[in-house]
Protein chains: 2
Amino acid sequence: MARAPRQADIAAAAGVSQTTVSLVLSGSTDGSRLAEATRQRVLAAAEQLGYVPDPVATRLASSRNRMLGVYTFATAFPTAVDGFYYPILAGIEAEAAALGQDLVLFTGTGGSGERPDHRAAIRRTRIADGCLFFGRHVPEEPIDWLLGDGFPLVYVGRRDELGGRIPFVGVDYVAASAEVVGRLAALGHRQIRYLRCGDDALSSTDREQGVLAALRTARLPVRRVVVRAEAEAVDAGLISRWVADGVTAVVVEETDTGDLSAAALAAVESAGLVCPRDLSLAVLGQPKDRPDVSGFEVPRWELGRRSVRLLVDQITGARRRTDQQLLACRPVPGSTVGAAPTAPRR
Amino acid sequence: MARAPRQADIAAAAGVSQTTVSLVLSGSTDGSRLAEATRQRVLAAAEQLGYVPDPVATRLASSRNRMLGVYTFATAFPTAVDGFYYPILAGIEAEAAALGQDLVLFTGTGGSGERPDHRAAIRRTRIADGCLFFGRHVPEEPIDWLLGDGFPLVYVGRRDELGGRIPFVGVDYVAASAEVVGRLAALGHRQIRYLRCGDDALSSTDREQGVLAALRTARLPVRRVVVRAEAEAVDAGLISRWVADGVTAVVVEETDTGDLSAAALAAVESAGLVCPRDLSLAVLGQPKDRPDVSGFEVPRWELGRRSVRLLVDQITGARRRTDQQLLACRPVPGSTVGAAPTAPRR
DNA sequence: CTGAAAGCGCTTACAG
DNA sequence: CTGAAAGCGCTTACAG
């Protein structure tokens with residue numbers, strides 16, 4: 001591979017020292033100003049040789065390289081849930097580009113391909129000026145090291161681990177979920193069921209918390225409202241039974257796969273029920289390709305952008321307090337929710 | 001930011017020279033073998049200190065850093081056409097992870113955020129061991145430099161520029177398109193229209209070439225078959241006129257946005273026509289969420305994987321001949337194509 | 001205003 | 001079997 005021109009080559013061509021070339025090219029207007037004639041000579045030679053600085057050497061010598069890491073514990077592009085991650089990645093990319101930063105995707109194992117050694121892989125992250133982290137589980141020890149070293153990092157999604165010291169940009173599922181249930185209560189619904197998945201991720205417990213809070217605010221019963229179920233268990237029979245019991249509104253958690261809400265929607269339909277005539281149905285999120293379903297919109301693209309912004313702020317030293325940000329969701333009115341029937345069903 | 005341990009620290013801890021540490025850690029079993037006791041001492045110290053090599057320094061000193069570049073001329077995650085790019089990126093990511101390589105996304109301008117300086121941005125690519133390129137247009141000069149320097153690079157998509165010296169992994173649109181038209185000819189269709197977009201990207205001209213080749217093979221007329229149109233111009237009136245003229249089959253180019261095929265599908269429907277009863281309709285590709293439409297499936301995920309594989313082969317020195325690969329598409333029978341009516345329409 | 005020198009953390013001949 | 005030394009291409013005090 002032929003050698004690319006370096007500062008030494010320019011120096012030789014322009015008849016100056018390599019130091020001078022570096023000074024001219026890094027464009028530090030401050031301090032010792034160089035003779036304009038020298039500057040021009042160096043610039044001309046650089047242009048002539050097609051010089052572009054070697055970012056590797058730059059990074060080694062200085063300590064910034066305008067590269068932002070993105071660390072995912074599983075796969076960066078999960079195909080099963082592409083609708084979920086793609087907008088976040090797109091937001092990250094857009095903001096990174098806007099700020100003139102490149103992105104390094106640490107695709108997990110960091111070399112060996114064998115059992116992922118998070119310690120090594122996460123350390124590798126230091127190649128960048130800072131790093132964004134994704135993933136349901138936080139590998140506390142290595143993250144703690146990074147944090148302790150002052151390495152700039154931001155989690156995409158809310159994180160409470162390590163005594164709340166992890167900077168993040170998350171989504172306010174609590175408020176958004178409470179808003180949805182509050183809407184139902186205002187419409188007169190008294191018998192509500194909340195269908196959630198079995199997994200206890202933060203995004204799940206946050207939603208449940210919002211649901212319960214809204215019920216309490218509306219002075220509605222809280223007992224027996226929450227039902228944990230896998231998508232396979234949600235069928236016409238279940239929904240029919242609820243309606244027979246007097247349930248007038250069902251709220252469904254939207255998970256990253258969208259399985260649960262899809263199952264609920266299908267169950268309602270195959271039970272021969274029509275929303276909102278027979279039953280009001282809301283989803284805590286927005287099911288794919290179903291803008292007609294009542295719920296809320298998770299600001300995924302914005303999540304990506306804001307995460308990058310926070311990370312860059314950390315790197316440049318700006319912003320030291322508001323290291324934990326929660327993004328609000330936009331309510332989606334939809335058409336699957338309506339007023340509760342005035343007469344009690346039987 | 002606290003300093004991460006380096007080889008010198010390990011050397012001090014283990015009571016050996018930094019050179020020895022490097023030798024042990026780079027695990028070169030070949031040549032001078034080190035005393036097992038020394039090895040163990042170094043390894044233990046490295047483990048104890050939580051050592052992970054600095055990839056920047058590694059890259060500067062040697063010339064590999066297990067990082068693969070991905071250079072996109074526009075935006076890496078175009079949201080408008082996410083269905084198109086996402087699978088490719090997912091494939092790239094999967095293969096990179098499988099091969100233990102990280103990915104560097106060069107998000108365009110490479111620093112300044114002003115007018116994209118492709119020269120500089122592309123040179124920046126050298127930070128990685130090799131680079132994947134995306135994009136309709138090839139900036140010939142900088143690519144030529146890279147090629148001349150022997151820098152490993154692979155285009156995602158077919159490329160004929162620079163005298164055919166650009167390595168690529170592309171899609172065989174010619175063969176896939178010919179297969180679709182051949183199918184129609186075999187079903188007795190004699191009057192066919194090919195609807196294509198106005199843009200002359202390689203993926204467009206390849207498809208047209210395939211269409212024409214198949215027509216010739218079937219000894220069908222070629223004149224007036226090809227119709228260039230924007231999506232907005234494709235309406236019920238156009239389709240109805242064609243059918244009135246005796247056209248029994250319409251073939252539509254699938255572009256990255258999917259606009260044209262969507263317009264054609266909508267036009268057929270609003271003309272009150274049913275496929276394949278009134279008209280056979282095939283798409284040169286696969287419209288989103290419409291597996292029922294006859295056409296072919298572009299192996300996008302595989303395209304990503306193969307591109308990475310070819311790039312890594314180039315980096316490691318394997319494979320020097322088959323630097324240009326074309327991937328076959330899987331035909332999608334679908335249900336929008338049927339036998340031509342035996343009696344000529346009028 | 002400009003240059004010689006050290007250093008960033010590694011690898012790689014080359015000696016011993 | 002192990003170490004001293006040079007070098008990868010930059011930046012950054014520090015002298016002149």
Side-chain angles (χ1 to χ4, degrees), chain A residues 1-12 14-43 45-46 49-67 111 123-124 126-127 129, chain B residues 1-12 14-43 45-46 49-67 111 120 123-124 126-127 129 149:
Chain A
M1 180 150 78
R3 237 198 40 227
R6 6 160 212 172
Q7 293 186 347
D9 299 324
I10 300 177
V16 297
S17 75
Q18 182 257 319
T19 303
T20 300
V21 173
S22 173
L23 256 21
V24 170
L25 295 181
S26 60
S28 44
T29 326
D30 47 280
S32 54
R33 197 163 295 122
L34 301 137
E36 186 56 24
T38 313
R39 252 178 55 79
Q40 294 306 338
R41 210 146 24 99
V42 170
L43 254 19
L49 293 173
Y51 174 80
V52 174
D54 179 339
V56 177
T58 305
R59 168 66 176 173
L60 187 59
S62 64
S63 41
R64 295 274 176 83
N65 59 7
R66 302 188 77 86
M67 304 208 313
R123 271 302 280 308
R124 208 176 143 72
R126 284 170 166 277
I127 202 178
D129 293 343
Chain B
M1 179 151 77
R3 237 197 40 228
R6 7 164 208 168
Q7 293 185 346
D9 298 324
I10 300 177
V16 296
S17 75
Q18 182 258 319
T19 303
T20 300
V21 173
S22 173
L23 256 21
V24 170
L25 295 180
S26 60
S28 44
T29 326
D30 46 281
S32 55
R33 199 163 292 120
L34 301 136
E36 188 56 24
T38 312
R39 251 178 55 79
Q40 292 308 336
R41 212 147 20 101
V42 169
L43 254 20
L49 294 173
Y51 174 80
V52 174
D54 179 338
V56 177
T58 306
R59 167 67 174 169
L60 185 59
S62 65
S63 37
R64 296 276 175 82
N65 60 5
R66 301 187 79 86
M67 304 208 311
R123 269 300 282 309
R124 208 177 143 73
R126 283 168 166 277
I127 200 175
D129 293 344
D149 287 354

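Below, chains carry the letters A, B, ... as their sequence lines are ordered, and counting in each starts from 1. No hydrogens, no waters, no symmetry mates; every other heavy atom, side chains included, goes into these values.
- dA5(C) atom C1' lies 11 Å from atom CD of Q18(A), rounded to whole Å.
- As rounded to whole Å, 18 Å separates atom P of dC10(D) from atom CZ of R66(A).
- Residue R59(B) contributes atom CZ, which lies 15 Å from atom P of dC8(D) at whole-angstrom precision.
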Pair R126(A)-V56(B), side chain to side chain contact (heavy atoms under 4.5 Å, CB included): steps then yes or no: CA-CA 9 Å; R126(A) 284 170 166 277; V56(B) 177; over 6 Å; no
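- Going from atom CZ of R59(B) over to atom CZ of R59(A) covers 15.5 Å, rounded to the nearest 0.5 Å.
- Base pairing of dA4(C): no nucleotide in any strand meets the Watson-Crick or G-U wobble criterion (both distances under 3.5 Å).
- When rounded to the nearest whole Å, the span between CD of Q7(A) and C1' of dC8(D) equals 13 Å.
- As rounded to whole Å, 13 Å separates atom P of dG9(C) from atom CD1 of I10(B).
- Between the CG atom of L60(B) and the P atom of dA6(D) there is a distance of 18 Å, given to the nearest Å.
- Comparing T19(A) and R6(A) by the nucleotide of DNA chain D whose heavy atom lies nearest to each, the residue mapping closer to the 5' end is R6(A).
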Derivation and outcome, side chain to side chain contact (heavy atoms under 4.5 Å, CB included), residues L25(A) and Y51(A): CA-CA 10 Å; L25(A) 295 181; Y51(A) 174 80; 3.4 Å; yes
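- Closest approach of D129(A) to R66(A), counting heavy atoms only: OD2-N, 2.8 Å.
- The two residues S22(A) and Q7(A) have their closest heavy-atom pair at CB-OE1, 3.4 Å.
- Using a 4.0 Å heavy-atom cutoff across all strands shown, V16(B) reaches sugar-phosphate atoms only and no base atom.
- An OP1 or OP2 oxygen of dG3(C) is reached within less than 4.0 angstrom by a side-chain nitrogen or oxygen of S17(A).
- Within the structure, a side-chain polar atom (N or O) of T38(B) is placed less than 4.0 Å from OP1 or OP2 of dT2(D).
- With rounding to whole Å, L25(A) atom CG is found 15 Å from dG9(D) atom P.
- Between dT11(D) and S22(A), a contact under 4.0 Å exists linking OP1 or OP2 to a side-chain N or O.
- dA13(D) is unpaired under the Watson-Crick or G-U wobble criterion, no partner having all donor-acceptor distances under 3.5 Å.
- Distance CG (D54(A)) to C1' (dG9(D)): 6 Å, rounded to an integer number of Å.
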